[in-house]
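What you see below is based on every heavy atom in this structure, not just the backbone, and it leaves out hydrogens, waters and symmetry mates. Lettering follows sequence order; numbering is per chain, from 1.
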Number of protein chains: 2
Amino acid sequence: MPARRADARRNVGKLLDAADAAFRDHGTGAPLEPIARRAGVAIGTLYGHFPNRRALARALLRERHDALFARGDRLAEDPPGPALAAWIRAVAEHAAVYGGLAEMLAAGLDDEASELHDDCARMSALTDRLLARAHAAGAVRPEVTSSDVLTLTTAAAWTRAQSAAQADRLLDHALRGMLAP
Amino acid sequence: MPARRADARRNVGKLLDAADAAFRDHGTGAPLEPIARRAGVAIGTLYGHFPNRRALARALLRERHDALFARGDRLAEDPPGPALAAWIRAVAEHAAVYGGLAEMLAAGLDDEASELHDDCARMSALTDRLLARAHAAGAVRPEVTSSDVLTLTTAAAWTRAQSAAQADRLLDHALRGMLAP
DNA sequence: ACCTGAACACCGTTCAAGT
DNA sequence: ACCTGAACACCGTTCAAGT
């Protein structure tokens, strides 16, 4: 972390607050100029701190992602089957804070150049780990792969942007089909 | 169908061909000006025939939707459980011809003013009918609702835009959780 | 009855000039 | 070291003028 001028640090804080509000209201595709205006800075200042939308999202998700990773680590101590289910639900719920975030995270996993790639890879690694435990305990059907779990998670996150209740029901059905009979 | 000047009819045909190619390549959000140019007409001509993107999509999907509805009607004669599963797979496959179509159809079902509403309502009605048959035959778990089925269908269609194979596997797992044990 | 394309609005992004 | 905001590019949409 380089030394920053105090006004610059304040501006970053105000930009993140404004971006959070805008992303909540209009999704991750929200216009950037109103965000800068709402933060009381010029549009160039926003670009000076965040070269693109993904960099802004990454900063915005920092704390939230760290909390999610901690949750994943804790779940690795719980009974394998329910722990995997709880993890999937937690990620799906997280990826629905902003409309369009599910797409952004799915893309970030594939694109190594994405500012979100590291975070996505970490989520993926936690999924692998929790799934491997569930397999070892015989809690999941043997044919279920890590990709299957990630796909379900993103699909549920995308659904959640339309209806949280329906996303939960989709998870109920799909998990019933994935967990051991 | 009002009488049309021959050149107007030709233009509509060329616009639909160009739009189909553009939607396939860049999804339903593809820029409209290149579509008009590719069709050899001015942008105003496109707007003259199709007041908005949904109207263009509706025209583009006409034949395809009619074929889908016919498929649904035929499936209503088949064994209820497999028929429902086949219908879900057919709709999911259809809604993935263009990127972004899954979202468009999901929105069209809720929005009565949408040019796509009628088509979406008909898909929904066919889903209801096939699900009711499956329930009557005891082929589906009793708690499965029509919304559950529509949600799964759209989620699978959305997934399909990224990976067809993963979408199929999602359907495998979710259907296993929805069909009677 | 239909077509043209200039015109306007809007937004993302850059960068020269300023402090 | 950071900020400003004009400038440019791009695209959706409208509409007066033309055939």
Side-chain angles (χ1 to χ4, degrees), chain A residues 1-19 21-23 25-60 98-101 103-104 107 111 113-116, chain B residues 1-19 21-23 25-60 98-101 103-104 107 111 113-116:
Chain A
M1 188 114 93
R4 285 173 190 280
R5 250 166 45 181
D7 57 341
R9 224 174 344 130
R10 265 198 313 274
N11 283 341
V12 167
K14 283 191 289 184
L15 280 166
L16 289 176
D17 286 348
F23 279 18
D25 289 352
H26 309 291
T28 54
L32 298 179
E33 202 278 334
I35 293 178
R37 196 171 354 120
R38 188 166 175 164
V41 301
I43 182 65
T45 303
L46 187 156
Y47 278 93
H49 290 293
F50 308 107
N52 55 48
R53 202 175 278 278
R54 287 187 307 275
L56 180 57
R58 187 190 131 89
L60 218 41
Y98 305 136
L101 183 56
E103 285 90 335
M104 226 174 171
D111 178 11
S114 166
E115 283 79 0
L116 290 166
Chain B
M1 191 114 94
R4 285 173 189 281
R5 249 164 48 178
D7 58 340
R9 227 177 339 136
R10 266 198 313 274
N11 283 340
V12 167
K14 284 191 290 185
L15 280 166
L16 289 176
D17 286 348
F23 280 17
D25 289 353
H26 309 291
T28 54
L32 299 179
E33 202 279 333
I35 293 178
R37 199 175 348 124
R38 188 165 176 165
V41 301
I43 180 65
T45 302
L46 189 156
Y47 278 93
H49 290 293
F50 309 106
N52 57 48
R53 201 175 278 278
R54 286 186 308 276
L56 181 57
R58 187 190 131 89
L60 219 41
Y98 305 136
L101 183 54
E103 285 90 335
M104 226 174 171
D111 178 10
S114 166
E115 282 79 1
L116 290 165

Pairs: protein N or O with nucleotides 6-11 of chain D N or O, under 3.5 Å:
none

Pick out the pairs of N or O atoms, protein on one side and nucleotides 16-19 of chain D on the other, that lie under 3.5 Å.
none

Pairing string, 5' to 3', for DNA chain C - Watson-Crick or wobble contacts under 3.5 Å, brackets [ ] where pairs cross, | to another strand: ||.|||||...|||||.||
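Residues satisfying the salt bridge (Lys or Arg N to Asp or Glu O under 4.0 Å) test with A:Arg37, not counting sequence neighbours, are A:Glu33. B:Asp17 meets the salt bridge (Lys or Arg N to Asp or Glu O under 4.0 Å) test with no other residue; sequence neighbours excluded. For A:Asp111, there are no salt bridge (Lys or Arg N to Asp or Glu O under 4.0 Å) partners two or more places apart in sequence or in a different chain.
Side-chain nitrogen and oxygen atoms of A:His49 include none within less than 4.0 Å of the OP1 or OP2 phosphate oxygen of D:dC2.
Across the protein-nucleic acid pair, B:Tyr47 atom OH and D:dT13 atom P stand 4 Å apart, rounded to whole Å. Rounded to a whole Å, the CG atom of B:Leu46 is 10 Å from the P atom of D:dG12. One can place CZ of A:Phe50 at 11 Å from P of D:dC3, the figure rounded to the nearest angstrom.
Distance from the side chain of A:Ala8 is smallest for D:dC2 among the nucleotides C:dT4, D:dG5, D:dC2.
Applying the salt bridge (Lys or Arg N to Asp or Glu O under 4.0 Å) test to residues at least two apart or on different chains, the pairs with a partner in residues 40-55 of chain B are B:Arg54-B:Glu115.
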Distance-only donor-acceptor hits, side chain of residues 38-47 of chain B, under 3.5 Å, sequence neighbours excluded:
none

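Looking at A:Leu60, A:Ile35, A:Leu32, A:Leu16 one by one, the single match for side chain to side chain contact (heavy atoms under 4.5 Å, CB included) with A:Phe50 turns out to be A:Leu16.
With the nearest nucleotide of DNA chain C identified for both A:Gly29 and A:Thr45, A:Gly29 has the one nearer the 5' end.
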